[in-house]
Amino acid sequence: MEKPTNGQSTGEKFWRSLNELAESPEFEEQLAREFPRHAQPLSDFVSRRQFLKLMGASMALAGLSACGYKPQGPIISQAKTPPEHLPGESLYFATALAVSGFGMGVLAKSYEGRPIKLEGNPNHPASLGATNAITQAMLLDLYDPDRSQNVLKFGRIEPWTTFAAELLQKIAIQNAKQGAGVRILTGAITSPTLADQIQQFLKANPKAQWYQYEAVSWENLYEGTRLAFGEWLYPIYRLDQAQVLVALDSDLLYTGAGAVRYAHDFMQGRKVRKEQMRMNRLFVAEPMFTVTGMTADERLPIQSSKIARLAYEIARLLDAPVQAEPSGELTPEEQKWVQVVAGELKAHAGESLIVVGEAQPPAVHAIAHAINQVLGNIGKTVVFIAPPEAKPTLHTQDIRQLAQELQNNAVEMLIMLGVNPAYDAPADLNFTELIPKVPFSVHLGAYVDETAALCVWHVPETHPLEAWGDVRAFDGTVTIQQPLIYPLYANTRTALELMALINGQSGKQTYELVRAYWQKASGLTPAQFDSFWRKSVHDGVVPRTARPVKPVALKQSPLVVQLPEPLGAVQATNTLEIRFAPDPTIYDGRFANNAWLQELPKPVTRTCWDNLAFMSLNTFKALGLWGKATYAWHEDVSFVRDQVPLIEIQLNGKSLIVAAYPIPGHVDKALTLHLGYGRIRAGAKGSGAGFNAYTLRTTTDLWFARDAEVIPTRQSYAVARTEEHHLIDTRQKDPELDSTAHRPILLTGTLEEFRQDPELKNKSHREGYTHELPSMYPERHRYDRYENPDNYRYAWGMVIDPTLCTGCSACVTACQAENNIPVVGKEEVVRRREMLWLRIDRYFKGSPENPKVYQAPVPCMQCENAGCELVCPVAATVHDHEGLNVMVYNRCVGTRYCSNNCPYKVRRFNFYRYSYMKSPVLHLMQNPDVTVRGRGVMEKCTYCVQRISKARITAKRENRRIRDGEVVPACQQACPTGAIVFGDLNDPNSKVRQWREQPHNFAILGELNYRPRTTYLAKIDNPHPELSGAEVSHAGSH
Amino acid sequence: MAPIETAPKLYGMMAEFETAEQLIEAASRTRSAGYKKFDCYTPFPVHGLTEAMGVEEAKVPWTVFVCGLIGAMALFGLQVYISVIDYPLNVGGRDFLSWPYFIPITFEGMVLFAAFGAFIGMLAYNGLPAPYHPVFNVPQFARASTDRFFLCIESKDPNFQHDRVYEFLQSLNPVRISEVEA
Amino acid sequence: MQEAIKNRVQEFPLFEGQQTYERITDQIARIPENPHPPAWRVVFGIGAVGTLLLVTTLVWLVAIGTGIWGINQPVAWGFDIINFVWWIGIGHAGTLISAILLLLRQSWRMSINRFSEAMTIFAVMCAGLFPLFHTGRPWVAYWLFPLPNWLAIWPQFRSPLEWDVFAVSTYFTVSVLFWYMGLIPDLATMRDRAKSTLAKVVHGILSWGWRGSAVHWLRYEQAYLLLAGLSTPLVLSVHSIVSLDFAISIVPGWHVTIFPPYFVAGAIFSGFAMVLTLVIPFRILYPGLREYITMNHIDWMAKVMLATGWIVFYGYLCEMFFGWYSANQFEQFLVVNRFFGPYWLAYWALIFCNGIVPQLLWFPKIRHNLLILFLISIVVNIGMWFERFVIIVVSLHRDFMSSAWGQYAPTVWDWRMYLGTIGFFVMMMFLFARFVPMLAIAELKDIWHRLYYGHSGHNGHGKQPNPVPMGKGGES
Amino acid sequence: MPQVFKRHHNTVARATIVGGLLALVGLVLAGSNITRSPWMTRAGEPLDQPVPFSHKHHYAELGIDCRYCHWSVTKQAHAGVPSTELCMTCHSQVWTNSPLLQPVRDSYNNNAPLVWNKVNDLPEFVYFNHSAHVNKGISCATCHQGIEKMHLTAKSQPFSMWWCLDCHRNPEKHIRPSEEVFNMYYQTPRNPEEMKAMLDKYQIPYDPNNIPRNQLELGRLLVKHYNIHKEQLSDCSICHR
């Protein structure tokens, strides 16, 4: 595909030809050729192609240059029309996508038979119609050209049949000895059908073992409940009930199976309006900023190892029934914090909640349970259910045991379903040596990854959007997964199919298996079952499958718990506490090859394509890293070339070279390392990116370890960051001018200030937001000029409430998926050429030690007096009658003047042919309703104009106005917390209008009189009077 | 001296001088002698010469003025037509007829047209291009572009009489007198 | 009046040595007629190589995209526009010398106007390349012209870039006309001096058959003066419009009301610097020129540089003042960022080159030391380049939303294109020297006649000529 | 030595100059016209198709309604190319063994698509929606004029931007009662009686005192009736996204 396509013609072609295409040798070969080198990132764009070819290519791009008369393409009719098929129309199908076993319900948008977008499923408890970045990006996994496509034996392509034959033969042998030599390793499994298949096998082979391993495990939750209540339980938080939430080293608003739901619930208590001047309060104690931490009203930077002490102190102050040997000391600030938190919790007993993160040892969880118990929160703000997994287990224990057995050569047959222990198992078990010891090892996975390389057999895994299946949400609710598309590659299989084969049901389709299971499970008559099935599949949730709430009680009082040893005062400056955490975008590494997630700026650090050793600025300087190496001729330039120093970390005998990066709000004497990077067999995009933190991670120090020794090196490393943090790299000498916090960008205030003065008039810069300058021209184009009763005209506008924004970035990826936004690769991001239309601004305010964070999504503001339009010499960007600042890609000649004159810098330019995609598969993914921009063209957000047009045409056909809420931009649709509202400003009853009329509504850089259609509500937070004093005074503003 | 019969195909009779001053002198005397059709040729613009010859005109300035006017109106018109009549677009909320924005191009148009007016006008009124001209038939005339000054009385002149003109030219003390073939 | 002038030019002679009409003509006209010094070949060769560099760069640019440059999201304009403004500025001196000095009746302009007009034309050529090729899709750049098309859509006339299109193209056309018109009589001279028929024909055609008729001269001078009168506001408008590219927008550091005058002054400043940079070597290369481009000329040019330099420097001071006086923290930050930001080096370099160094020109000794003068002119050219760098890059890289701040660093391709244009410029200048009289012969003779005829020893021919035996035309 | 130029060279010179200027003007005019010409737009050139399908035969002679094959045209963006199935609804009965229809039968039997050549093609960045037009009284005939006379299908309009805009700027010139949209033989009523009759027939409200007299007046009436907002029709975002 040389020329950009709107997918319509090609769309139909692909729709038709998929089946043939998938099998056709050319296609196989074509993709095989691309595997595994072909890189999406643009770094090698120039070097890879020869010169003349490019010449031709770029000329061919004139295709987008408004000359319509190219040779006409083919138009391919269907032989037979499927009943539901409507040419050029999209259909939505409910299904679910699972991350480490837990399902997120989605509505998949299918265009001409290919899924092109995933939206949240309103019926689904984990989604409520919203999604997160990962779910949005899982669409890309389906079309990833690096996906494994062939059955491999020792890396050589073999037909599926050969594999099946050999497997069955081996199974037969094992059956004889009751499967004594068989070990099955999977991730956490909630799928009832799959679990049932495995259980069947285990029943038949009692000596066989089934282990589950998740690198990012929540086993501590279970152990915690066992300590407290005597059994493994899974907590469900009711954050909408909580007035006070205390999160100890827990990122519950962002990571974890329920995060999207929790973020939604939590924000119900923060919708500050003139009608409702109240909000809940969030306390967070954590070593490094997390999304939850950035949302906090009061945050305490503290080493993970000290959390236990902290929790215990709180418990003591609330005289919760806990008994332990406290060790280590709390600093005065920490003491103060503890007192305040305890007081708050007490004050809101029954409507407060204390949550502890998965990384904390069971004891700390137990303490938290005790506290919640004492406060009477249990049953109100938190309830407990039986674990959603089919077979709950302790992952570390499982993997250790498996390692043990492998060590003793007890394993003759190892079946690994969608796991990658060779990469993510604890380093001390060194699986890379163990796996090859197994005579017959099978790996089922979407990629030929580190583990596959060590196995005898590798079987490509089918993507969940290609097959039937089922999965449970965090609260146990089951979703029947239905396929959106015929498997792209003929040889792929699902875990279900593989188990069915092993169980001798080889003929069965996944559809039959799932349906059969539920037929059995539901115990309904075939007639009843049919409607049950239809309804379940259609709604995306199986009724009455949520796990029931279990009543709980402390098994003993007081609880006697063993507190872990906290990190004492470190003597040597270069000995730090190290904390492992899942990566904010690529999680535990399974998404390492997902270009969207790789390029998505990490919520806190705004870096991408990398993980780095994050530490506080003090530590950074203490290690003598500041002004090192490439910090060139000016301190301020330290980040100009985006170069940071490399350090070597040594931890119990293992060592890792990693780039160090200072980040505000990180606790001193500690560093945080994200898992998931440094893959060697992730695929073209993931391989070689970042540093492999697993090499330091051992079963003993799974989450945090003390005494990590840091040795600075001479080398430096280029970091791709989409935003500098100014508290660090602009000099402090003149805060009034330098510190961004003092720029009139975001209007901020505390709940108290808002109560006294809803317009926050006496806030600094407030006038800057409101007052408008007189114009020389008759302003015929202002939206309020359109207002008259018989006015048909829409005035589209958007209001964003930063108070509700956690910075989870779901909107960013949703925008990328909806608008065919290309990925540019690390080198281009380093050169500040990322293409994301929607960015999330993150501003620090206050001292670098513990600043406040203010965030806001920044799309195109659709200014009414847009400067960009004024300076475009070819009228490629102009206003339409509905107030959209439309960007006509095919008219753009690429002077980039508009971008210069945009004070918000929300325009993006195709410096190269970013939209070029070598693999035909990727073209299946593109949204046919959005022009694919060619090289040399400016692009930007237009409020998802394609959705507006669609709605307008429908409305016109039905002779009515577009209803409020009928048009929902991708960002709004994805947002878990409803921080974005879009609609018609001319409609007095529209939600957007109501938000816009809030007293604390303001326009960013309003004084420029560009009169943006996108406005914001002031970011309100709710600091505790006794604490915030300290921090805010640092900031010096207001 | 025997009168010489006029060559049938004679363009005129040309006197050659060494200094501009002599030429100016000669020109005014030729004029007062009642000759109409005569012209002077100099290597550089000699000031006071045309006055001496009694030539006065301002065609070029007027042409330039008119062209400039046309240019200005044309481009302003073009801009108004395009942005108000043919395809009015809401550009950054500005009025369709946001005339101050149209001034620069209007001005440039004025200058462009005027400049062409000046250049083309000058050539046209001078009857150029004229690579061929009878005066070039006089070999010495090659120095007209270097350091010599010529006065040529044309045979078209009503009172052109060969030997009379010759005598008259003689009286101007030229360096040389030559007939100019038509 | 005339007397006064005559007295002044006695103490500051515009010519050196004994001049006659023939000598003036011969000294200048024989340069293109005779073979050239080997040095010419060398420099021309260098220029040609540069041009080659330019061409290859452009091809690659069109093939791959503007991504090969260092520009990025906050800094969407880099070397492309910097060099555009720089070249345009240089071009302006030519028109200024030929037009404004003509209107001001500055007789000393005669000896350098042809030369600097040529410089203008070639500089504008170089300048024009940048806006054309800085577009993401040069193959549709013709959309910037209001051509009737089947898209039924037109350019957008509120954009300063659109104004640029008209301004620059008009400026180029008018400059060419002006230059060519001045050439016509001299081409006629060349024609009459030519030995070979070919030369006669070529020059004959190019000179439109000019024959120096008094009436023609009358109209010629009218037209020439009017063109000058037109070019003067034109040259001012062009650079004002270029400055509006920035002043129209709201970027702190661009949104400045003094830009037009300050840009024009800057243009003249850099233009004169470039004239000096070229004149001094040419005087060495062609000693004949020294009789007409005397030390006085050079001295005056240096003085003009000094004056315009001060205007420019005043501009810098204004910007600082505005920053403080605006009470607008974005403006204030800009000033601080210029002083101490990542690009402080560029800013202080600019102050040094354009503010400090030119002060040397106060001293006559330095004004008469060709080497130092030459160096100063180079420094000023560099300084003016930095000025554009500061205006464009420093303003863009940190504007309103600090979340969108970034840095800019040119790539090898930026440099290749820049050096390429310089090479092209040099090549064209040397071609010009090779084929066209470098000074305006007729005008020089006019000046000489008006100011020196009678004073200088011309009386050799004063005596009455004898009556000559008459002969038919064509004989003898 | 005689001068190199002869007297006639003056004429030559002047002729050259005048000629050159004229040529320049001519070039511009030619350019702007050629781009609009069918030679460029390929209007009226039938493309070869796997099956020589005749709209004339099916529509004009057999009187099959457009919507029988292009069934999605009133609901969807795309008019849709009928599936082989649809063809076979008739051709399993008639012309069952015509060699011309062999490809159709093959396609049906092997469940393989028919690959037609696209006749009316728009650039990828133009989003045309059939339903938006046919439901608002813009007829097939407006863009596919004369299709009912075509044995081999060719595009009858340039499909260039100025052509689209021409109608988007003043739809009155082309709009008709939506009931008449699929009628290729529709004529604007010429006299008030017919006009009145038609308006009554389709219950289009009108002022009996001044019944539209011609297409333009009828057009204005319908534009109002169908609630079409003219000024909005030339917004960029209407066709480009």
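Each chain gets a letter, A, B and so on, in the order the sequences are listed, and its residues count up from 1. What you see is a predicted model; the values in this text were computed from it and never measured.
C:Trp154 and C:Asn149 share no side-chain donor-acceptor pair at under 3.5 Å. Side chains of A:Glu828 and A:Tyr914: a donor-acceptor N/O pair is present below 3.5 angstrom, by distance only.
Chain A is approached within less than 4.5 Å, heavy atom to heavy atom, by C:Gln156, C:Arg158, C:Ser159, C:Pro160, C:Leu161, C:Glu162 from residues 156-165 of chain C, ordered by number.
Within the 4.5 angstrom heavy-atom criterion, only backbone atoms of C:Phe246 (N, CA, C, O) approach chain A. C:Leu244 touches chain A through its backbone: at least one of N, CA, C or O sits under 4.5 Å from a heavy atom, while the side chain does not. For A:Val906, no part sits under 4.5 Å from any heavy atom of chain C, backbone or side chain. For chain C, the nearby parts of A:Arg908 are the backbone and the side chain; heavy atoms of each come within less than 4.5 Å. Within the 4.5 angstrom heavy-atom criterion, no atom of C:Leu132 approaches chain A.
Salt bridge status for C:Asp414 with C:Arg416: absent, with no side-chain N to carboxylate O gap under 4.0 Å. Note on A:Arg896 versus C:Asp80: salt bridge recorded, some NZ/NE/NH1/NH2 to OD/OE distance being below 4.0 Å. Looking at C:Arg338 and C:Glu319, a side-chain N of the basic residue comes within less than 4.0 Å of a carboxylate O on the acidic one, giving a salt bridge.
For A:Pro903, the side-chain contact (heavy atoms from CB on, under 4.5 Å) test picks out A:Leu1005, A:Leu1008, A:Tyr1010, C:Ile250, C:Phe400, with sequence neighbours left out.
Figure legend: A:Arg833 and A:Phe911 shown as a cation-pi pair, the cationic atom lying under 6.0 angstrom from the six-membered ring centre and within 45 degrees of its axis.
Listed options C:Ile153, C:Ile248, C:Val251, C:Ile71 were ranked by heavy-atom pairs under 4.5 angstrom with chain A; first place goes to C:Ile71. Of the listed residues (A:Gly867, A:Ala875, A:Cys872, A:Ser899), the greatest number of heavy-atom pairs within a distance under 4.5 Å of chain C belongs to A:Cys872.
Looking at every heavy atom in both residues, A:Val604 comes nearest to A:Arg842 through O-NE, 2.9 Å.
Each of C:Phe84, C:Trp254, C:Phe389 was scored for a ring pair (Phe, Tyr, Trp, His ring centres under 6.0 Å) with C:Trp77, with one residue passing: C:Trp254.
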